[in-house]
Amino acid sequence: MRVLLHACCGPCLLEPYDALAAEHDVTVCYANPNIHPAEEYERRRDTLRAYAAEAGIAVVELPYEPERWREATEGVRDVPTERCRACFRLRLGLTAAEARRLGADAVATTLSVSPYQDADALREAGEAVCAEAGVRFLATDFRDRYPEATRRSRELGMYRQNYCGCEPSEAEAAAGRERRREERRVARELRG
Ligand code: SF4
């Protein structure tokens, strides 16, 4: 089967690609208008492309149009669950349209390797947009391979981002790190 694999970044590509390529003819699709800012988009893309070139993996890149992400998330940007659903629909919808254009049979996504993503929301979004495009959605779950993906990406010296991608997620991740720092400081004080 010809599969167009939506990929969010290099580290997340490693394990899903290997698993799918063992059974299918896989092309990678970098479709991520959610990533902010442009320099970060390029850094993740270049990391993915460098690995793909080394491994002989075919990659197509869709145009970087961050305004599409802003339009897709209008009105739900402050509600992470809804914002991510809209973001999944956008990225997987772009990939599904590209799969149809290329004559691929199915779409899958590397997002399913991340324990930080909502697997049910991903599956719902993937199935809906693929039904519209007339291609199959492979609802994979690679979360059990996340530790190995982390190990391999570290070993390869890949760039590993510390936030999901959009501008709000960058601020949320920074706030989370600050909160954990503060909790550790309070715990140290309590221990004396
Ligand atoms: S947190 Fe990640 S999945 Fe959710 S909207 Fe932002 S970039 Fe998209």
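Order of appearance sets the numbers: ligands from 1, and atoms from 1 within every ligand. Everything numeric in this text was worked out from a predicted model, so none of it was measured.
By the rule that hydrophobic residues join a cluster once side-chain heavy atoms approach within less than 4.5 Å of another member, Val3 and Leu94 end up as members of separate clusters.
Listed by atom number, the atoms of ligand 1 under 4.0 Å from Cys166 heavy atoms are 1 (S), 5 (S), 6 (Fe), 7 (S). The Cys164 neighbourhood of ligand 1 comprises atoms 1 (S), 2 (Fe), 3 (S), 7 (S), with distances under 4.0 Å to a heavy atom of that residue. Atom numbering of ligand 1 starts at 1 in the shown order; those under 4.0 Å from a heavy atom of Phe88 are 3 (S). Each of the following atoms of ligand 1 lies closer than 4.0 Å to a heavy atom of Arg91: 3 (S), 8 (Fe). Counting atoms of ligand 1 from 1 in the listed order, those under 4.0 Å from a heavy atom of Ser169 are 1 (S).
The residues Arg89 and Glu124 are annotated as not salt-bridged, no charged nitrogen and carboxylate oxygen being separated by less than 4.0 angstrom.
Residue contacts with ligand 1 for Glu82 are absent, since no atom lies close enough (heavy atoms, distance under 4.0 Å). Only side-chain heavy atoms of Cys87 come within less than 4.0 Å of ligand 1; its backbone N, CA, C and O stay farther off.
Minimum heavy-atom separation, Tyr30 to Ala7: CD1-O, 3.5 Å.
Defined by atom type and a distance below 3.5 Å, a donor-acceptor pair is missing between the side-chain atoms of Arg83 and Thr73. Looking at His6 and Thr95, their side chains never bring a donor and an acceptor atom within 3.5 Å of each other.
Residue Cys84: no N/O/S atom is found under 2.8 Å from atom 6 (Fe) of ligand 1.
Arg44 forms a cation-pi arrangement with Tyr163, by the criterion of a distance under 6.0 Å to the ring centre and an angle within 45° of the ring axis.
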